Number of protein chains: 4
Amino acid sequence: MEYNAKQLQIIQVAERLFAGKGFSGTSIRDIAHEADINVSMISYYFGSKEKLIEALFEVRFVESAERMENIVSNEDLSPLQKIYILIDGVIDRLLGNQCFHNIMLREQLSGEERTQVISDLIYQLKLKNWEGINSILREGQIKGHFREGIDVSLLSATLYGTVNHVLTTQSFYRKINNLESLGQEEFDKTLKKQLSKHLKSIFKATVAYETIE
Amino acid sequence: MEYNAKQLQIIQVAERLFAGKGFSGTSIRDIAHEADINVSMISYYFGSKEKLIEALFEVRFVESAERMENIVSNEDLSPLQKIYILIDGVIDRLLGNQCFHNIMLREQLSGEERTQVISDLIYQLKLKNWEGINSILREGQIKGHFREGIDVSLLSATLYGTVNHVLTTQSFYRKINNLESLGQEEFDKTLKKQLSKHLKSIFKATVAYETIE
Amino acid sequence: MEYNAKQLQIIQVAERLFAGKGFSGTSIRDIAHEADINVSMISYYFGSKEKLIEALFEVRFVESAERMENIVSNEDLSPLQKIYILIDGVIDRLLGNQCFHNIMLREQLSGEERTQVISDLIYQLKLKNWEGINSILREGQIKGHFREGIDVSLLSATLYGTVNHVLTTQSFYRKINNLESLGQEEFDKTLKKQLSKHLKSIFKATVAYETIE
Amino acid sequence: MEYNAKQLQIIQVAERLFAGKGFSGTSIRDIAHEADINVSMISYYFGSKEKLIEALFEVRFVESAERMENIVSNEDLSPLQKIYILIDGVIDRLLGNQCFHNIMLREQLSGEERTQVISDLIYQLKLKNWEGINSILREGQIKGHFREGIDVSLLSATLYGTVNHVLTTQSFYRKINNLESLGQEEFDKTLKKQLSKHLKSIFKATVAYETIE
DNA sequence: CATGAATGAGGGTTCATTCAT
DNA sequence: CATGAATGAACCCTCATTCAT
């Protein structure tokens, strides 16, 4: 599915508003007003409000579909290096697309199953992510670098859950760590660095034998 | 603030529906229908839909306000034992009140700051939780059991984030781990056990010196 | 119909609120709140909101029913003196019960004919007033003091209309005449004096032969 | 502000209903039903019920803004002739737009100050009317036709108050003067004639020296 | 191909009144 | 005799969508 410039602009505005106020809490009038278009354009271009959020998911998924693949298939890296790159990749992706991941979190919290399309896309992404981590861990186990008996699901949960939680509670994090004076960009940089170190440390301790460096 | 039986019933229904469809996505007619009351009762009992969700937060917060206190102040436990009890407490609390924590996650994702009341309550709860973990860690450091330089915020994020993420992606977790045949109760039990083991392992590796058992 | 102290208190509050916001614009909750009673008391004491305004009219009418009679039947006064006393009486009555006359004006403007009871009371009052003026004028004509061919209805309209209009546009009157610094009481006194002089002058010029003093 | 045909139709219906039942007493459903439109059209066209009445005031004010000007600035007329034309103009205007003036009277009786817009418009109209009368009277005084020491406010009150009062109590007027058999049009004609004569007589006696014809 | 006028359904809230106590 | 809990109707307004142009 290809979208023209106007459609992409609408999607972008919708993404910001859905992130801030939720799907139900955002009216097409809000979107139309912010995007400076007529309200009927949303139905015209996308068919309905629901189709709009589907389009949003499609666009963002296509963008991020290729990343995991590149990491796993790179043969020059050790399993632990791959894990490290994976962690940084997740951090970058989630913090770099905060609006979209906010929406995705909301959708996962929703029992409404807005549409099968979105559910399927989220499922596919999760599966791909899980398989990526899994294949790296298996490779590490085969190479004798990693322990046996690692719970991939829970380790994934720790990776994504920690980043999401920090993303969600940014303002609290700033307050508690006296980082309120920092600009958004600088704060993001600091956050990424600390998150990266923290998660790498957890992963290493969890998967790698002590002797591995 | 005290609520009578009918009010508590409404709150309970609202909690379930807000968790499933979000605040904006749930109409007071939905709530009234499910609770088998007249639509005007919500305004009558709570003043407005917004006041209803505030009441919900107040009730749930009062319930869970005392838990952390009991753990921290118990003098018979070692710091690591306290951490372990804390972890199990968090798991129990979040998985035992899935609807409410779903709503709380939604509210944290929301940029709307529905009301100052809710924001304040969430902030207070987070602060209390943070202080609880912090004081246990400090105690462990003073006693020489725990490492220095622990990032309390990120460790909290890992604890809450991991549990929340699992809570949010339960169905995926079941599917990927072939646990779809289990009943909800049995699954919850399994999940709690595995989460507990996983998080305790992470915390131990992160905070404790290797020699500590 | 007799009303107890509580009922009279309710009537008094209702009068003030009806005057300020109109009958439809005033809710029984407003009244109950201001009168510091339960909402159900209005239905309980009066039967309904409509019956309440009827009661208000009854009470105020009984109060003012006797005045005109006294003026007309006083044999010691000349017709013109009677007219003068009548004018001052109308001014005093309308300005002394501004709330009630506000409500009465509203009811007369209304095409709803809220109830036959109110319509009848207003009709009776108007008729009594008209007859009072008429009989004084007739007396003056018989005595040769007053001209023939006086339009009693229009003269009444000028009397009541002028006072009502001033009553209605008090704030404009204050502004245009630079009386904004005066207290309400002092302003009322000034207003009454000027209205009295103005209307007496009009009446004299309209009804009396020039030579009459 | 320009209004299209449909908006003007809605305004016209609203005017009639507001006059009959008051603003609070008229629901947008009433208006929609009478105007044969969907209820949502009122919000759609005017924004809200309050904005609708504002629009009504704007339209009617624009219509009557020019009249006074024409009278005052006409140099071929004597001051007394101008007064006479003014009186007939007021009578025509008030009796010709009974619905609107009913609403305006209601608004002036209201302590709610529905919106600043309406209050301002009414104030401007009153001021313009006052200034018109004032300038004619001053002209008459300068030319030596009129007395000194005329209270413009009270004279205005008598003019507008008398006409309004007759307008308000038409049915009583008919009854008392045995004019119940007349059709509305014929009655209006009779009323205008009598009102005109009555008010001109009052004004002449009040402002002009006896010798002036 | 794009628009904005128009719609019916449903949103949250307030209403006057009733009824069991 | 007096109360407050509870009700269903109606309130104004916003919603996503449609349709003629």
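Note that this is a predicted model, so its numbers are computed, not measured. Letters go in sequence order (proteins before strands), and every chain restarts at 1.
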If I take atom [atom1] in residue [X] and atom [atom2] in nucleotide [N], what distance separates them, rounded to the nearest angstrom?
X	N	atom1	atom2	result
B:Ile42	E:dG10	CD1	C1'	15 Å
A:Leu52	F:dC15	CG	C1'	15 Å
D:Arg29	F:dC11	CZ	P	6 Å
A:Asp36	E:dG4	CG	P	11 Å
D:Leu17	F:dC11	CG	P	12 Å
D:Ile31	F:dC11	CD1	P	11 Å
B:Lys21	E:dG11	NZ	P	9 Å
D:Met41	E:dG4	CE	P	16 Å

Task: Check: C:Gln9 side chain, C:Ala35 main-chain N or O, donor-acceptor pair, under 3.5 Å - done: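 Yes; at least one donor-acceptor contact below 3.5 Å.
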Task: Under 3.5 Å: donor-acceptor pair, side chain of A:Lys21, backbone of B:Ser24 - done: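 It does not hold such a pair.
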Task: C:Asp36, CG atom: more than 12 neighbouring heavy atoms under 6.0 Å - done: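 No, CG of C:Asp36 has 12 or fewer neighbouring heavy atoms, counting only those of other groups under 6.0 Å.
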TODO: Sort out the partner of E:dT3 for me: Watson-Crick or G-U wobble, both distances under 3.5 Å, none otherwise.
DONE: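 For E:dT3, the partner nucleotide comes out as F:dA20, under the 3.5 Å rule.
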Task: Watson-Crick or G-U wobble mate for F:dG8, both contacts under 3.5 Å - done: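 Checking every strand shown, F:dG8 finds its partner in E:dC15, with both distances under 3.5 Å.
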TODO: Would you mind telling me which residue lines up with the more 5' stretch of DNA chain E, C:Gly47 or D:Val39, judged by nearest nucleotide?
DONE: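 Whichever sits nearer the 5' end wins; that is D:Val39.
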TODO: Between D:Ser40 and C:Asp30, just flag the one whose closest nucleotide in DNA chain E comes earlier from the 5' side.
DONE: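 Looking at the nearest nucleotide for each, D:Ser40 comes out on the 5' side.
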- [ ] Just call it for D:Ser24: base, sugar-phosphate, or nothing, with non-hydrogen atoms closer than 4.0 Å on any strand.
- [x]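 D:Ser24: no heavy atom of the nucleic acid under 4.0 Å.
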Open item on the list: Within the 4.0 Å heavy-atom criterion, would you say C:Tyr45 contacts the bases, only the backbone, or no part of the nucleic acid?
Closed with: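 It contacts sugar-phosphate atoms only.
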At under 4.0 Å, does any side-chain N or O of [X] touch on OP1 or OP2 of [N]?
X	N	result
A:Asn38	E:dT3	no
A:Ser27	F:dT14	no
A:Tyr44	F:dC19	no

- [ ] Provide the closest heavy-atom pair for B:Thr115 versus B:Glu50 in the form atom of the first, atom of the second, distance.
- [x]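 B:Thr115 and B:Glu50 have their closest heavy atoms at CG2-OE1, 3.4 Å.
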Open item on the list: Ignoring hydrogens, what is the shortest heavy-atom contact between B:Leu52 and B:Phe18? Give both atom names and the distance.
Closed with: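 Looking at all heavy atoms of both residues, the closest pair is CD2-CZ, 4.4 Å.
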Task: Residue D:Ser48, side-chain atoms from C-beta onward, closest of E:dT13, F:dT17, F:dC13 - done: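 Side chain of D:Ser48 sits closest to F:dC13.
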Open item on the list: Closest approach to the side chain of A:Ile28, judged atom by atom: which nucleotide of E:dT14, F:dC13, F:dA16 is it?
Closed with: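 Selected nucleotide (nearest to the side chain): F:dA16.
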